Amino acid sequence: MIDLHTASTPNGWKASIALEELALPYTVHSIDLRAGEQKQPAFLAINPNGRIPAIVDHDADDLAVFESGAILIYLAEKAGALMPTDVAGRSRVIQWVMFQMGGVGPMMGQANVFFRYAPERIPYAIERYQRESRRLLEVLDGQLSKHEYLAGDYSIADIANWSWASTHQWSGISIEGLPHLSRWLDAVGERPAVQRGRAVPGKLAPSKQDVEKLGRGMLV
């Protein structure tokens, strides 16, 4: 059995979608990011970096795995699916996972921060991260113009990149003129396991502070 410690974020969705696609049994432990549970000693013992997701595989001597890309690779290899076993095929999948980990995720994450959450609106930062995010989505579109999925067959590379690319509107990034990306976003999003995984861990109950803010019109 696998314990999944997660929250409803693109990185969190990567792990839960993979678990659903691979039909691996798992138990969900919802981490309240607003309450700072990811910084508590119990979670830091699993992931010293204090970020979600993280897993503990009780069938492998309670092995803890953190970093969403590492989790995807671990789960795929554990199940023997969603990643080829030949050297070239495995490399292609891992390249696109790393593309997401090093590019799509960080750039779209920064676009989110400056577009949605920064207390001060900084046009240069917003434009810079939205422009780079759009460029990375164009790279995906180019790859998908030649292949149905990013690395050949459907794989963890698609799970990793879809989990972020599907949130483009939240980052204020248009995908107009990217037909292959749009086709792929729809195709992956229609997969039942993707829909189930994206619903994990479900919506957290609002905190007392959030309820108070809502009453004062501070939350939308």
Side-chain angles (χ1 to χ4, degrees), residues 4-22 26 28-34 37-38 43 47 49-55 65-76 82 93-94 96-118 126 129-130 132-141 143-144 149-151 154-175 178 181-182 184-204:
L4 169 64
H5 301 263
T6 193
S8 186
T9 72
N11 285 334
W13 297 334
K14 286 188 273 183
S16 50
I17 289 171
L19 285 162
E20 289 290 336
E21 290 280 14
L22 295 166
Y26 68 102
V28 177
H29 300 269
S30 183
I31 302 297
D32 189 341
L33 302 179
R34 296 170 300 184
E37 290 181 357
Q38 73 278 18
F43 185 77
N47 180 0
N49 194 36
R51 298 286 189 273
I52 63 95
I55 64 170
V65 185
F66 66 93
E67 287 297 323
S68 56
I71 291 171
L72 288 177
I73 294 169
Y74 177 80
L75 293 175
L82 294 182
V93 168
I94 291 177
W96 286 104
V97 171
M98 295 302 106
F99 176 82
Q100 183 277 306
M101 293 290 292
V104 174
M107 293 300 102
M108 291 188 71
Q110 291 298 318
N112 288 342
V113 167
F114 287 104
F115 184 61
R116 292 279 179 182
Y117 302 116
I126 295 170
Y129 288 113
Q130 287 181 338
E132 178 61 7
S133 296
R134 166 70 189 207
R135 185 191 71 79
L136 293 168
L137 295 182
E138 290 171 357
V139 173
L140 292 178
D141 185 72
Q143 177 70 1
L144 292 164
Y149 297 107
L150 287 172
Y154 180 71
S155 71
I156 58 171
D158 299 288
I159 294 172
N161 284 278
W162 183 91
S163 295
W164 275 98
S166 64
T167 69
H168 64 90
Q169 289 182 321
W170 186 250
S171 303
I173 300 163
S174 170
I175 60 169
L178 304 179
L181 179 72
S182 296
W184 171 81
L185 285 172
D186 290 342
V188 175
E190 289 171 0
R191 294 177 68 91
V194 171
Q195 294 175 7
R196 292 194 304 269
R198 202 174 190 272
V200 173
K203 184 174 176 59
L204 287 168

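Since the structure is predicted, the reported quantities are computational estimates derived from the model, not experimental observations.
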How long is the gap from [atom1] on [X] to [atom2] on [Y], to the nearest 0.5 Å?
| X | Y | atom1 | atom2 | answer |
| --- | --- | --- | --- | --- |
| Met107 | Gln130 | CE | CD | 13.0 Å |
| Ile159 | Leu82 | CD1 | CG | 5.0 Å |
| Leu181 | Gln143 | CG | CD | 12.0 Å |
| Leu185 | Leu140 | CG | CG | 8.5 Å |
| Phe115 | Ile126 | CZ | CD1 | 7.0 Å |
| Lys14 | Asn11 | NZ | CG | 4.0 Å |

Any non-hydrogen side-chain atom of [X] less than 4.5 Å from a side-chain atom of [Y]?
| X | Y | answer |
| --- | --- | --- |
| Ser166 | Arg198 | yes |
| Leu150 | Trp162 | no |
| Leu33 | Gln38 | yes |

Taking all atoms of both residues into account, what is the closest heavy-atom pair of [X] and [Y], and its distance?
| X | Y | result |
| --- | --- | --- |
| Gly69 | Val97 | CA-CG1, 4.1 Å |
| Pro53 | Asn47 | O-ND2, 4.5 Å |
| Ile71 | Ala54 | CD1-CA, 3.8 Å |
| Leu75 | Ala15 | CD1-O, 4.2 Å |
| Trp96 | Ala151 | CD1-CB, 4.3 Å |
| Pro201 | Ala7 | CD-C, 3.6 Å |

Mark yes or no for whether [X], through its side chain, and [Y], through its backbone, hold a donor-acceptor pair below 3.5 Å.
| X | Y | answer |
| --- | --- | --- |
| Trp13 | Gly197 | no |
| Glu37 | Asp32 | yes |
| Gln169 | Ser174 | no |

Requested in this report: Take Tyr26 and Ile55 through the test side-chain contact (heavy atoms from CB on, under 4.5 Å) and record every step on the way to the result.
Outcome: CA-CA 9 Å; Tyr26 68 102; Ile55 64 170; over 6 Å; no

Query raised in the report: Does the pair Glu132/Arg135 count as a salt bridge with the N-to-O cut at 4.0 Å?
Result: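 Yes, charged N to carboxylate O under 4.0 Å.
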
Report task. Given side-chain contact (heavy atoms from CB on, under 4.5 Å), test Asn112 with Tyr129 step by step and report yes or no. Result -> CA-CA 9 Å; Asn112 288 342; Tyr129 288 113; over 6 Å; no

Query raised in the report: His168: what forms a ring-ring contact (aromatic ring centres under 6.0 Å, His included) with it, not counting sequence neighbours?
Result: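 Applying ring-ring contact (aromatic ring centres under 6.0 Å, His included) to His168 gives none.
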
Report task. Using the six-membered ring wherever Trp is involved, compare the ring planes of Tyr117 and Trp170 and label them parallel, tilted or perpendicular (cut-offs 30° and 60°). Result ->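 The arrangement is tilted - the two ring planes meet at 30° to 60°.
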
Report summary line: salt bridge (Lys or Arg N to Asp or Glu O under 4.0 Å) filter on Arg191, not counting sequence neighbours, yields Glu21

Query raised in the report: Of Leu178, Asp158, Asp141, which is the lone residue that meets side-chain contact (heavy atoms from CB on, under 4.5 Å) with Trp184?
Result: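 Exactly one option meets the side-chain contact (heavy atoms from CB on, under 4.5 Å) with Trp184, and it is Asp158.
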
